[in-house]
Amino acid sequence: MSEVLRAMAGSADLDRVSQMIVDAAARLCSASSCRLMRREGDSWVYAAQYGTSAIAMDLGSRLVPTTETVWGRAALDGTISNIADTMTADPPLPNPSQSRTRMAVPVLRGDSPIAVLVTNREEPGGFTQREEELLVTFADQAAIAIENARLFNETKEALERQTAISEILRVIAASPTDITPVLEAIAENALRFCSAEDALVMLPEGDGLRLAAHRGPIPVAGDLRYPNDGTSMNSRAFLDRKTIAVEDLQTSTDFPAGAEHARAAGSHASIVSPLLRDSVAVGTIALRRFDARRFSSGEISALETFAAQAVVAIENARLFAETKTALERQTALSEILQTIAASPTDQAPVLDAVVRNAVRFCGGEDALLLLLSAGEFSARAHFGPIPTRGSEANWTVDRDTVIGHAVVDRMTVQSPDVKNDPDHPLSREAGARLEFGAVIATPLLRDGVSIGGLALRRLKPGAFSAEEEELLRAFAAQAVIAIENVRLFNETKEALERQTATAELLKVISR
């Protein structure tokens, strides 16, 4: 006992202490062989063995406890089995002619078996009560050794994980606008702590997921994309917002697209954890192994921790980008207001500033501002490469064009694919002729009455976001302010001139 305790005090090497326990147990119990099976996560492994036996296995071999074996009963029930003669055992045992005497003692943490200590003799006869008590004592020592090693490894892993997280946080602080270095650091640390060979980080793009970061030797296409249809582990984890682990993806029928990729890449075990922000998935992180070895609960927990760090990086970059964009937009609106203040009698500079900033901030390549005059449109400002009709005042105001529709119905209207738009034939014809793919228009409203429209055109098809719509309306409102200011200025000027003429007339009359 003292020898084992000294080894436990002087070493955190569980394999070394386990070997000392089985050696001493076999020697003192006069056993021909002795084995220690230890639970690791959801499975059992051979941890140490003494002597030669026909049922000896390689250390680390995976085991499944069953009630048909002596050690399996101890592992499942937590009870001692002492078989005097395997040939007459009830219920019968497999391979009864081998090791005629067998005894299995569970190693307990609380009431839960965490290991099993087994001794064997070639001849029948059974182990004595004293030998059984001795083996129980060694099992108690094994429990202490396993618990010490577990606590030591957990503390060590927690410290290493905290160090890794600190490193990731430093990368986050150093890259507030670029998440790529952060995602690469997260992928690298996930490999390190989750015993995997390869890591992928996927982010949403359109109606699918695209590769954002990759670490490891397993081949992957640089333009890798998964549609969000549930046929891959990444898309399923993204849609269901929960971690998914598969021991052998190549043989999985649940994820056909993922299985195809696994067979092409030569990987087997795979796990995917979603990146969640307020219960909303913003991406995924996946780990792959060359062998079909399942991920433990500790490895799953570590991956979810790294997923949370990825969310922090993505959220920081998003908030930084939003703040920067909001500041730039406020600057643009301030610029327009300054132009309005500097041009009280001329609306042209203001309208030019409106279309220029609409292109800059609303996701288009071309902007056009039209005003109503005698029931027809006339172009007053334009910015971008797409040709217009110039200042001709012969554009009819009707729903056959997107901008006409917006002005008539006093609402924002968009056509994401204008070349195939059945509702706006004139805009469809213009899109085909001038080669632009999408258009959005919003009315210029003064006291609820349309006085014109602001249109934004995009070379490629694609819907404008709600945020871009809102900003376009803000620029339209600035244009209305400029037009209204000029109108009021001119009306005031005319009224003053009229009052001056009347005063002069009165002077003449009085003379």
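By the side chain to side chain donor-acceptor pair (under 3.5 Å) test, Ser252 pairs with no residue at all, sequence neighbours left out. Scanning for side chain to side chain donor-acceptor pair (under 3.5 Å) contacts around Asp423 gives an empty result, with sequence neighbours left out. Looking at residues two or more places apart in sequence or on another chain, you find a side-chain contact (heavy atoms from CB on, under 4.5 Å) between Thr231 and Asp229, Pro256, Ala257. Qualifying side-chain contact (heavy atoms from CB on, under 4.5 Å) partners for Ala212, counting only residues two or more places apart in sequence or in other chains: Leu183, Leu203, Arg210. Applying the side-chain contact (heavy atoms from CB on, under 4.5 Å) test to Glu184 and every residue at least two apart in sequence or in another chain returns Thr180, Ala213, Arg215. Taking Pro461 as the reference, Asp417 meet the side-chain contact (heavy atoms from CB on, under 4.5 Å) condition, with sequence neighbours excluded. Asp291 meets the side chain to side chain donor-acceptor pair (under 3.5 Å) test with Arg293; sequence neighbours excluded. Qualifying side chain to side chain donor-acceptor pair (under 3.5 Å) partners for Thr284, counting only residues two or more places apart in sequence or in other chains: Asn234.
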Atom pairs and distances, donor-acceptor, side-chain atoms in residues 347-359, under 3.5 Å, two or more places apart:
residue, atom, partner, partner atom, Å
Arg356, NH2, Glu335, OE2, 2.8
Asn357, ND2, Ala353, O, 2.8

Report all side-chain donor-acceptor pairs from residues 108-115 shorter than 3.5 Å, counting only partners two or more places apart or in another chain.
residue, atom, partner, partner atom, Å
Arg109, NH1, Glu147, OE1, 3.1
Ser112, OG, Arg39, NH1, 3.3
Ser112, OG, Arg39, NH2, 3.4

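Residues Pro385 and Glu365 share a closest heavy-atom pair of CD-O, 3.1 Å. Between Leu444 and Gly453, the shortest heavy-atom contact is CG-N, 3.7 Å. Across all non-hydrogen atoms, the minimal contact from Arg241 to Ser279 is CD-O, 2.8 Å. Closest of all the heavy-atom pairs between Ser267 and Arg288 is OG-CD, 4.0 Å.
In this structure, the separation between CE on Met233 and OG on Ser273 is 10.5 Å, given to the nearest 0.5 Å. The CD atom of Gln250 lies 11.0 Å from the OG atom of Ser270; values are rounded to the nearest 0.5 Å. Of the inter-residue distances, the one linking Asp366 atom CG with His382 atom NE2 reads 3.5 Å to the nearest 0.5 angstrom. The CG atom of Leu303 lies 4.5 Å from the CG atom of Leu287; values are rounded to the nearest 0.5 Å. Rounded to the nearest 0.5 angstrom, Arg380 CZ and Leu369 CG are separated by 9.0 Å. Taking CG from Leu454 and CG from Leu371, the interatomic distance works out to 10.5 Å, rounded to the nearest 0.5 Å.
At a threshold of 4.5 Å between non-hydrogen side-chain atoms, the residues Arg38 and Val107 do not count as touching. Between Val480 and Leu445 the shortest side-chain heavy-atom distance does not fall below 4.5 Å. For the pair Asp254 and Arg236, the minimum side-chain heavy-atom distance is 4.5 Å or more.
The number of heavy-atom neighbours closer than 6.0 Å to CD of Glu205, taken from other residues, nucleotides and ligands shown, is above 12. The environment of Glu435 atom CD is sparse: at most 12 non-hydrogen atoms of other residues, nucleotides or ligands sit within 6.0 angstrom. Under a cut-off of 6.0 angstrom, the local environment of CZ in Arg263 is crowded, with over 12 non-hydrogen atoms contributed by other residues, nucleotides or ligands.
Note on residues 261-290: pairs passing ring-ring contact (aromatic ring centres under 6.0 Å, His included), not counting sequence neighbours, are Tyr226-His261. For residues 401-440, the set of pairs meeting the ring-ring contact (aromatic ring centres under 6.0 Å, His included) definition, not counting sequence neighbours, comprises His405-His424.
Salt-bridge check for Arg473 with Glu469: passed, with a basic side-chain N closer than 4.0 Å to an acidic carboxylate O.
For the pair Arg192 and Phe306, the cation does not sit on the ring face, since its NZ or CZ is not both under 6.0 Å from the ring centre and inside 45° of the axis.
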